[in-house]
Each structure stands twice: as structure tokens, then as C-alpha cells.
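Report on the following structure.
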Amino acid sequence: MTSHKDENAASEQPTSLTRRSLFKVIGAATAAATGTSLLTSCSEQKNSTATNLGFKEIPHKLDFQHHLPNGYSADLLLRWGDPLDAFTGAFVPERLDAKEQSRRFGYNNDFIAYMPLDPDAAPGEGDKHSLSRNSERGLLCVNHEYTQPHLMFTGYTEASANRGTSDEHIAVEQQACGHSVVEIEQTADGWQPVLGSPYNRRITLTTAMAIVGAAAGDKRLQTGEDPSGTQVLGTVGNCAGGKTPWGTVLIAEEGFGGAFQGDPDNVADEVEARNHHAFGVDKGNRNWGDYDRRFDITAEPNEPNRFGWMVEYDPYDPNSKPRKLTGLGRFEHEGFTVVSKPGEPIVAYGGDDDEHQFVYRFVSSGTFQPGNNTYNRELLTEGTLYAGQFNEGGSGIWLPLVFGQGLLTPENGFRNQADVLIDCRRAARLIGATPMDRPEDVETNPVNDCTYVMLTKNKKRATGEENAANPRARNAAGHVLEIVPPGRSGLRDHASNTFRWNTFLLGGNPNAEDPAERGAYGQQNPANISAHGWFANPDNVAFDSRGNMWIATDGCESFGFHDGLWAMATEGELRAAPKHFFGCPEGAEICGPEFTPDGKTLFISVQHPADAGDSTYDNPLHRWPDNDPKMPPRPSVLAIRRQDGGSIGS
Ligand code: FEO
Ligand code: CA
Ligand code: CA
């Protein structure tokens, strides 16, 4: 195996603004000026020393490389087409067929879970592996969100790609989306995949899965091929996800509607027609239905109802059958992340990434029992799903999505709990949940125990449609909310049906000359933000062991610079004052991010590099990361480390 060392990275010099000289000008007056109240803040360290994020910030740029601070390097760990097996030949995109793609790393890598391996445990021993904190050998579990024929195959324009795809290419696409499990290890040459590992696995659109939970078996999930409504082939639109303390991985199904072809108005059932419209099923979508009748709604009108769920599987058992968890609702799932405390219910938070959609929370019926994974593995199948209502003054309520309660009755078109879960969006709107600015990741900070909601943007929010938690009309830059459950740090009650919330930061340039452009960064004075510290369009987020927040963006190019990573404290004087850590090549967005347990490696996904303008396979904008004239641009996972071996960001 060749060592994919980082030959394209461009390290940066320190940028102009000196941040330390600007620390002293914040306080209650600033909080008042930015319209936030300290009383709703998660921060309990109003006078603490600022958390030290020790790297030298990189500048905003837009070019064909990736960028890291001085003192850091990135191993090019996995690229589209890289083999999972030991005796596979070189990747030749023009010769790629479906069988081969089914054993190679998929396209458009997104979510990353690093699952440590216990050196004394074998495949199938997830109970042992799930207790490991091994930061040098583990499983990298990666989503592949969607395929782009015009960047994968020769002969397409961007306009022709989705409608003219051949049977052969569609078969490859169905194997290139989904998910990969790849064993990786840290060697003297950096992180490497372990080719031929028994753990290595592809999950694709043809992988057998079960449907479980309250909607399983419902008539709306039944098809010609599956009259039981409990078995389905594959997963699609796999955006972000989550991990559980019992060693499983959660895969989100986000933009699934685009996989289905046909005119919803030709579906006889009115409920189903409205449902398919809501998720973007359309006659102009990609032509997968020509090849595989499952994706033609005139042939199988219920097949789209079998997508839009969260999927759970055990990466430590390569033969485990993934399960679609209907209890977590059906919508355009960004991801779901789990908060677990011994003896208490499991709480999981997730978002529906579409304009004016909702933030959700699931509370399990059973309680988390460390060490009893057979029992814990059923926790996400039974419980109550809630939608968030964010009220004026920083109060909030979780509203239950339970058939028979409130307005969720037959008079309003709900037959049973399956209807509530399948038509989750309609149910949440009816009971008064707050329509948000495209909820992306929702994650809990392990240090302060508060939960953060990435709201990426919402240009469809008209003037007059603003609300307390989504204060900007035509929100182009996005924002981040902080949910504060009752209780003290570490002991917060995430199962409580009430919470406090506040605006953590508003995306955009807080120092822009035009007041209309200026954002307000939570409690912080804009003077703490350098000319390169601001960003827009938060998408994914991770926390390091000190509670610092690392935000990955998707959309900064519309503000003139690359997408990337920005890191910031969540408490103390530099709360919500971002520093720019990573920038990606033009056309890409950044996903992941994921730390090893020791905090010394940060994995990130660079998704759809060179996807800009009229870039195609035959004439790409650039060819990152290989920069080889025979190779197209390739979505890739990088493993970032500090050259001195220290913790990232410290
Ligand atoms: Fe696939 Fe919500 O980003
Ligand atoms: Ca995302
Ligand atoms: Ca995205």
C-alpha cells in the first residue's frame, strides 16, 4: 500500500490580527448589546481564564488545495475507489463496475465515526470493543451521501448527468453510496487502511436491512417485494449520523427524495401524493427508476416511505444486519446523537435539514444499563419522540409526537402511531413546533452538558416570518443555538420536557462595514473575531475533550472563501470566538469531524471537491487530492495530526 502522505497541504503563517490584545473588552454590556442574556447561557465560568486554542489561525482563501495551520499535517487516508481488500488492482475509474465498487470506498464521504478496536477482541465481540479507547487502531465508519455521475464518469455534463445515466452507471452509483467500514491503524508513516481486514465492509443500496419500531409492518411500508413492511434493501442520502455507548453506529437518511422518480400527482392516494411532494420526489429527478423499479413511484408508491429513517448497525460484527429505527421519525435526517447516563433514559437529538423544519428529541422508555448491551441495543426502538418549541425569552418545550394526544388524531388524518412517524413533519407542525433555519447537526458538549444546534441557513424565511430562535429573514449565513437542559453541568436533565436556550452565535462577518451584513456572536465582542475567524453555514460539529467546539461548514464559497473548520471555546471569555483551523479545496464542503479518544487525531471528510461551475469528469476544475491527469477529483478522508504528536488544538 502506498503511503498517501500529505503533499498538497499548504501550511500558513500567522494572520494579522492579534487576538490577545483584544480580550479585555467584553462583559455584560456586550451581552446586552448583542441581545443575549447571560441567565440563559450554559457558561458557568463568567470570569474564567480563556480556553487556550493554541494553533495559529489560517486565512480565508479559495484555491485548489487544502490548508492547515503550521505544525499540523494530514494523512490522505481514504479516497473514492480505494480498495478494502488486499489483492485488488489499481483504481481505474473508466473500468469501474458495480461488483468492484461494492468492495471499494464509496463516493462523497460525509459522517465519520471512529470506533476503537480492543486488540484482544475479535469480530463480533462488540461488547469488548465498545469499552476500548484505543486511539491507534480502530474502525473508520464513513457515510457516502450521494453520487454525482458528471464527476464520476466520462461523457456527462452536469445538466445531463441525472437524467441520462446508463444501467451500468446506475448500478455503480447504487454501490458507491451508503457507508463504508474500514479498519485503520497508525503506523510510522501515519494512518493507513488495513486492507483485507475481516471488519472491512460496504453497506450500499442493495444491503438487506430490517425495519423496526412502532411503524414497522404498517401498510404504508409494504411493497410488492416486501408485503411484510419489515424488510428493505439499502440506504441512501447518508449525511451525518451518530454513535451509541453500546458500540453501534447511526446512519442518517437525509435527501432520499431525489432518488425516486415519478410524478406524485399520479399517485392515487392523496396522503401519499402530499407526502412524496414534501420530500422532493419528482418526475425530473434522476432516472434510477428506469433501471430499478423500486425507484419509480408509479411502480412502487410506498417505497419512498421505507427511506428517511435513522439506521443503526454494529460495525464490530461484519455480518450484522442494519435496522431502520422508525421510532426516531421519518424526515430528512441530518443525524442523531445520543446522551447516555447510567440508570437514566437514553436521550437522542436530531435535526430535519430542510427550510422551516424542526429539531427533534427522542427519550427511551428503558434506562441505560452499562455492561448490558443486549438490553441497551433495544433502547432506541421504544420511547417517545418530541419536536422542539423555542419560545421568546429563552424558554423551550419538547412537544410529544404521540398518536391520540393533542391534535394527532384521526380527525387530523392520523390513523395510528405509524402515521405520526411517517408524516413526522406534518405532525410536528400541527402541534406547534418551531420552524427552524435548516437544522443540521445537534450535538451535546461532553464538558458543559449543553446541546448545540447547527442551523445552516434559510433563504426562504420571508420578512415577517422571523421568530426568536430564527431571528433573520433570508438567513444566508446560518447560526448556532445552545440548549440548556435544567440542572448543573454534567448533571443536566436532558429528559426534562422544558429547557432554556440562547443564541450561541450568528454566522457571518461581525466586523462587516454594512450593518445589515454584521452578525452578532453570542455573548462575544466582535473584536475577538479576526478577519478570518468568521464563517457561515455551520453543518457538522464535534467537541474536543476540553469542550471546545469544532464546526465544519458547507456554503462559505458564496461568501468568497473556502469551506473548512473553525474551533472555539464554549465557555469563558472567548466563548463563541472562532479561529480558522482548516480550509478545503474549491468546490468541496467539510464533514466529519471526528477525534480519536486521545484527541491527537482529527478525521475529516472532504466531500465533492471540484464541484463548482461547469466542472465535469472530463474537464474538472481541479484534480485534488491526486493532482494526476489520469485521475478525477476524489472525495477523501484526511487524518490530521500535530507534527509534535500533541493534542489537536491545545
Ligand atoms: Fe447533507 Fe444536511 O447536509
Ligand atoms: Ca450535513
Ligand atoms: Ca452538507
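Each ligand, and each atom within it, is numbered from 1 in the order the structure gives. Keep in mind the model is a prediction, meaning the values are calculated, not measured.
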(Q) Restricting to N/O/S atoms, is Asp539 within less than 3.0 Å of the Ca ion (ligand 2) or not? (A) yes
Q: For the residue pair Asn458 and Glu355, confirm or rule out a side-chain donor-acceptor distance under 3.5 Å.
A: no
Q: Measure distances from atom 1 (Fe) of ligand 1 and count the protein N, O or S atoms below 2.8 Å.
A: 3
**Q.** From Phe581, Tyr452, Phe535, residue fulfilling ring-ring contact (aromatic ring centres under 6.0 Å, His included) relative to Trp550
**A.** Phe581
Q. Hey, are Arg472 and Asp437 close enough for a salt bridge, meaning a charged N less than 4.0 Å from a carboxylate O?
A. no
Q: Would you mind naming the N, O or S atom of Asp554 nearest to the Ca ion (ligand 3)?
A: OD2
Q.
Would Lys243 and Phe111 count as a cation-pi pair here, with the cationic atom under 6.0 angstrom from the ring centre and within 45° of the axis?
A. no
Q) With under 30° as parallel and over 60° as perpendicular, where do the rings of Phe358 and Tyr360 fit, or are they tilted in between? A) perpendicular
Q: Answer yes or no: is there an ion pair linking Asp82 with Arg634, defined by an N-O contact shorter than 4.0 Å?
A: yes
Q | Shortest-distance N/O/S atom, Glu334 versus the Ca ion (ligand 2) | A | OE2
Q) Does Asp353 bring an N, O or S atom to under 3.0 Å of the Ca ion (ligand 3)? A) no
Q. Does the shortest distance from the Ca ion (ligand 3) to an N/O/S atom of Glu589 fall below 3.0 Å?
A. yes
Q. Looking at Arg425 and Glu332, does any basic side-chain N land under 4.0 Å from a carboxylate oxygen?
A. yes
Q: Please work out whether the ring planes of Tyr313 and His179 are parallel, tilted or perpendicular, with thresholds of 30° and 60°.
A: perpendicular
